[in-house]
J.: 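The structure under discussion is supplied below as structure tokens; questions concerning it will follow.
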Number of protein chains: 2
Amino acid sequence: MRPQKVTEHQLAERMLEVLRAKGYDGSSLNELALAGGLKKASLYHRFPGGKQELVKSVLDSYTSYLEQNVFEVLAKGKAKPKKRLKKALGKIRTLYHEGASNCLYRALSLDPGLELFGEQIAMNCKQWIKAFSILGRDLGIKKKRAKRMAFEGLLKIQGSLVLAKVFNDTQPFQEVVDEIWSDYLG
Amino acid sequence: MRPQKVTEHQLAERMLEVLRAKGYDGSSLNELALAGGLKKASLYHRFPGGKQELVKSVLDSYTSYLEQNVFEVLAKGKAKPKKRLKKALGKIRTLYHEGASNCLYRALSLDPGLELFGEQIAMNCKQWIKAFSILGRDLGIKKKRAKRMAFEGLLKIQGSLVLAKVFNDTQPFQEVVDEIWSDYLG
DNA sequence: GTCTATAGCTAGATAGAC
DNA sequence: GTCTATCTAGCTATAGAC
């Protein structure tokens, strides 16, 4: 077999930057291929199902990052809760490039992305909320309030990324991450 | 002159529903024309500048609703602050169909909509923040905190609309509107 | 002012050479 | 596994009849 020019992981990482900025319809296969370092036709070798399978692959890779670096750290880490929260928030900062890059879930939350991936994204968001809920519980917060805080955290992250884009300023995101930190530890 | 089939206001209102759900690239002129009750070619009579001018017209109409029913009520109304807030939040609920419909600003906050309309949307969001800030001041809240509350309100509305779409459930939006109400009056 | 018809282009997707 | 070449369908936009 001829060697791959780029690994599937590299490909997903590069195409993610296009997808999170332009959404499903806004990202053409030409742009995605160019960003990934391949020609358009080559994408059909990697993703025989076409655009939908390609985006699903990027979405799975994105969720996988969250699961490994955020959800599992929060919910299954063996360090103290405070340390786990610090680590998870650091990874969140990295994922969103300190607020400069969109959340892929949001970018896909317009039609037709929502129609194709809505259920999957909803599940992933529930994972997020579950993981932060467990962290809250570990910090001695009551169940109901822990869930409420987890939900509000996700909501504020999403809102901050909208405003960061609109104002072309990462400050809303930075502030929200700091708020989440102090909400759990205050 | 031959009579218009639909007024510019009706046209903007109907096309808004497509644009806020699908974004700039996701909304084709065919869909927009169909939603508005015209044929595609007729749109070029109303909007000689093509798609960009059409979307700008819808955006202007959308902002005009906010200015008249929300911003002016909050900042220039002669009723008591509590009553003005109640009225403005009611209009916000209506605009977003109780959380079932996206914010157009958010739908246009991906490329290429962001590139075309980002500055205009940023100005409109600043108007939002300004208006809620003035309401806060009228309720006796200090300047800095009033601005902070206004910013956070907008952020949470945007975040709630993201989650409302993802979960296909208007509850996040409803809760956030109630929270804003009680934040100002608690 | 609205329509049908169509131009010119780019999209997603496929065939087949290497 | 990647590429060039190409297909069809849809896109934005225009021309011109009514």
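Throughout, a chain's letter reflects where its sequence line sits, starting with A, and its residues are numbered from 1.
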J.: Look at the aromatic rings of W128(B) and F71(B) and report parallel, tilted or perpendicular, splitting at 30° and 60°.
T.: perpendicular
J.: CG of L29(B) versus P of dA7(C): gap in Å, rounded?
T.: 19 Å
J.: Grab the CD-C1' distance between Q4(A) and dC3(D) for me, whole Å please.
T.: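 That distance rounds to 15 Å.
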J.: Do the side chains of L89(B) and V73(B) join up, straight or via other hydrophobic residues, at under 4.5 Å, putting them in one cluster?
T.: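 No, L89(B) does not connect to V73(B) through the hydrophobic network.
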J.: Give a yes/no on whether any side-chain N or O of H45(B) is located under 4.0 angstrom from OP1 or OP2 of dT2(C).
T.: no
J.: Just to confirm, is there a sub-4.0 Å distance from OP1 or OP2 of dC3(D) to any side-chain nitrogen or oxygen of K39(A)?
T.: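 Result: no.
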J.: Any cation-pi pair here, K56(B) with F117(B), using under 6.0 Å and within 45°?
T.: no
J.: Within the structure, does a side-chain N or O atom of N30(B) lie under 4.0 Å from either OP1 or OP2 of dC11(D)?
T.: yes
J.: Less than 3.5 Å between a donor and an acceptor, one on the side chain of K5(A) and one on the base of dG1(D), is that the case here?
T.: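 Per atom types, no contact qualifies.
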J.: Report the nucleotide, chosen from dT2(D), dG12(C), dT4(D), that has the shortest atom-to-atom distance to any side-chain atom of K51(A).
T.: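 Nearest listed nucleotide: dG12(C).
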J.: Please check if the distance between the ring centroids of Y62(A) and Y105(A) is under 6.0 Å.
T.: yes
J.: Between atom OH in Y44(B) and atom P in dC3(C), what is the gap in whole Å?
T.: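 After rounding, the gap between these two atoms is 15 Å.
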J.: Tell me the interatomic distance from L11(B), atom CG, to dT2(C), atom C1', rounded to whole angstroms.
T.: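 Between C1' of dT2(C) and CG of L11(B): 13 Å.
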J.: Salt-bridge test for E31(A) and K22(A): reply yes if a basic N is under 4.0 Å from a carboxylate O, no otherwise.
T.: yes
J.: I need the CG-P distance between D25(B) and dG10(D), as an integer number of Å.
T.: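 After rounding, the gap between these two atoms is 17 Å.
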J.: In whole angstrom, give the distance that lies between atom CD of E8(A) and atom C1' of dG1(D).
T.: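 Going from CD in E8(A) over to C1' in dG1(D) covers 14 Å.
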J.: Rounded to whole Å, please give me the gap between CZ in R46(A) and C1' in dG12(C).
T.: 19 Å
J.: If I take atom CD in residue Q52(B) and atom C1' in nucleotide dA13(D), what distance separates them, rounded to the nearest angstrom?
T.: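 Result: 14 Å.
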J.: If you compare every side-chain N and O of S42(A) against the phosphate oxygens of dG1(D) (OP1, OP2), does one of them come in below 4.0 Å?
T.: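 No, S42(A) has no side-chain N/O under 4.0 Å of OP1/OP2 on dG1(D).
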